[in-house]
Amino acid sequence: MSRSPATTPLIQAHPQPLRAVPSELDPTRLPAHVAVIMDGNGRWARQRNLPRVMGHREGVEALKRTLRLCSDWGIGALTAYAFSTENWNRPGEEVSFLMTLFERVLARELEALDREQVRIRFLGDLEQLPPGLQELIASATRRTAENSGIHFNVCTNYGGRRELVQAARRLADQVARGELDPANIDEQAFAAELQTADEVDPDLLIRTSGEYRISNFLLWQLAYAEIHITDVLWPDFNEDALLRALNDYQSRQRRFGGVAPLSA
Ligand code: FPP
């Protein structure tokens with residue numbers, strides 16, 4: 001969702017923190033929404049002579065840690081890139097492992113997520129996922145829909161370009177049906193067709209494993225995000241690494257295309 005004054009984000013940007021924010025951070029200037037590209041699982045496993053899939057398994061633990069810390073510190077939303085539209089090109093065995101892992105993790109963690117008031121959603125083309133996973137996703141989404149805590153978005157079979165094309169197609173359909181005047185298509189109307197329609201845009205994007213790419217992630221929504229890239233491999237991402245990312249974020253001066261205010 002764009003930040004024009006006319007838009008009212010439905011999420012509370014900063015729910016009450018459940019645990020004191022570390023003193024090195026300014027609790028009033030935390031990002032409302034953190035997005036993360038969880039990269040480096042395969043390399044983490046290779047460094048330990050383990051099969052790649054062990055890196056993914058450990059990656060789940062890193063994701064749970066990150067979600068808990070963000071939730072505890074009152075960050076409003078965490079959006080994680082779990083599986084891209086391009087990830088189907090990986091070896092079949094790895095893709096099956098990942099799908100089974102998503103199912104197992106969701107089934108195992110749902111109770112605790114719900115108890116901790118997490119609202120979980122999966123963004124992406126979900127119809128292409130295995131039917132069992134689709135059912136679990138639907139029930140987890142329903143069960144946690146009214147929860148008041150952090151918004152946890154898991155991008156699964158997600159591609160930013162595909163999301164933009166689908167939004168454009170929906171708007172074109174409305175025009176073709178005579179329900180929408182093309183002159184009324186503005187940024188707000190476009191953002192409303194995205195899967196993140198009721199979410200504020202990410203303020204901070206974290207990418208692990210030292211790669212300097214966006215990789216087709218949230219192409220519209222990241223327009224003004226601050227980007228933090230760390231060499232840490234995703235399975236090693238921990239409280240220290242998140243603190244470094246948040247400190248880096250707080251050291252930036254966000255201008256949204258304007259100019260820096262004159263210092264007093
Ligand atoms: C990228 O590392 C990571 C992935 C494609 C998968 C990430 C998925 C999880 C951590 C599980 C999330 C689960 C749920 C249910 C939310 P890579 O394989 O590209 O690593 P490499 O670049 O070192 O090869």
Side-chain angles (χ1 to χ4, degrees), residues 1-2 7 9-11 13 31-39 56 59-60 63-64 66-67 70-71 75-88 95 98-99 101-103 105-106 109-110 113-114 118-147 149-171 187-208 213-225 234:
M1 181 177 272
S2 52
T7 51
L10 297 181
I11 69 163
H33 184 172
V34 174
V36 57
I37 300 178
M38 310 180 285
D39 199 10
H56 296 317
V60 171
L63 184 55
K64 282 165 56 183
T66 306
L67 176 64
C70 288
S71 165
I75 289 170
L78 175 69
T79 300
Y81 206 4
F83 193 88
S84 75
T85 45
E86 291 72 36
N87 284 156
W88 296 107
V95 170
L98 279 168
M99 294 299 148
L101 182 71
F102 296 160
E103 277 192 43
V105 171
L106 200 50
E109 303 295 337
L110 182 57
L113 290 170
D114 191 28
V118 174
R119 191 205 73 176
I120 188 166
R121 275 193 194 164
F122 285 75
L123 312 184
D125 273 348
L126 307 181
E127 320 81 62
Q128 285 167 12
L129 301 176
L133 177 56
Q134 287 187 48
E135 281 162 32
L136 274 169
I137 287 174
S139 89
T141 308
R142 260 196 319 271
R143 177 164 166 181
T144 65
E146 305 300 325
N147 284 353
I150 190 168
H151 289 183
F152 180 36
N153 303 309
V154 185
C155 293
T156 314
N157 194 24
Y158 174 87
R161 286 186 173 179
R162 190 182 285 189
E163 184 187 29
L164 292 174
V165 168
Q166 287 169 347
R169 196 179 291 149
R170 272 197 292 276
L171 289 167
E187 291 186 11
Q188 211 175 323
F190 202 93
E193 297 300 329
L194 300 174
Q195 299 203 15
T196 47
D198 68 346
E199 210 70 89
V200 292
D201 286 340
D203 304 291
L204 170 65
L205 169 70
I206 299 171
R207 180 164 189 151
T208 55
R213 282 190 295 276
I214 299 280
S215 298
N216 204 13
F217 189 40
L218 301 175
L219 295 180
W220 172 285
Q221 299 87 337
L222 291 173
Y224 287 103
W234 177 251

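Worth saying up front: this structure is predicted, and the values here are computed from it rather than measured.
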Which value, rounded to the nearest 0.5 Å, describes the distance between [X] atom [atom1] and [Y] atom [atom2]?
X    : Y    : atom1 : atom2 : result
H151 : T144 : NE2   : OG1   : 9.0 Å
N157 : Q128 : CG    : CD    : 4.5 Å
I150 : I75  : CD1   : CD1   : 6.5 Å
R143 : T141 : CZ    : OG1   : 12.0 Å
I37  : I206 : CD1   : CD1   : 10.5 Å
R162 : D125 : CZ    : CG    : 4.5 Å

- Message: Once side-chain hydrogen bond (donor to acceptor under 3.5 Å, both in side chains) is applied, do any residues pair with S215, and if so which ones, sequence neighbours excluded?
- Response: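 Here the qualifying residues are R207.
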Of all the heavy-atom pairs spanning [X] and [Y], show the shortest one and how long it is.
X    : Y    : answer
W220 : A191 : NE1-CB, 3.9 Å
T79  : F217 : O-CZ, 4.0 Å
L113 : L67  : CD2-CD2, 3.6 Å
G59  : W234 : O-NE1, 3.0 Å

Are side-chain heavy atoms of [X] and [Y] found at a separation under 4.5 Å?
X    : Y    : value
V95  : N87  : no
D198 : R121 : yes
F122 : Y158 : no
L218 : P202 : yes
L194 : L164 : yes
F102 : L136 : no
H33  : D201 : no
I214 : L205 : yes

[X]: side chain to side chain contact (heavy atoms under 4.5 Å, CB included) partners, not counting sequence neighbours:
X    : result
R169 : V165
N216 : Y81, T85, E86, R161, L219
A140 : L106, L110, I120
E193 : A167, R170, L171, Q174

(message) Is a donor from one side chain sitting under 3.5 angstrom from an acceptor on the other, for N153 and Q195?
(response) no
Legend entry - Stepwise side-chain contact (heavy atoms from CB on, under 4.5 Å) test for L63 and F152: CA-CA 11 Å; L63 184 55; F152 180 36; 3.9 Å; yes
message = With a 3.5 Å distance limit and no angle check, can you tell me whether D203 reaches the backbone of A32 through a side-chain donor-acceptor pair?
response = yes
Next on the checklist: Using only atom types and a distance under 3.5 Å, with no angle test, would you say the side chain of T208 pairs donor to acceptor with the backbone of M38?
Outcome noted: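 Judged by distance alone, no pair lies under 3.5 Å.
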Residues at least two apart in sequence or cross-chain that pass ring pair (Phe, Tyr, Trp, His ring centres under 6.0 Å) with F83, listed by chain then number, are W88
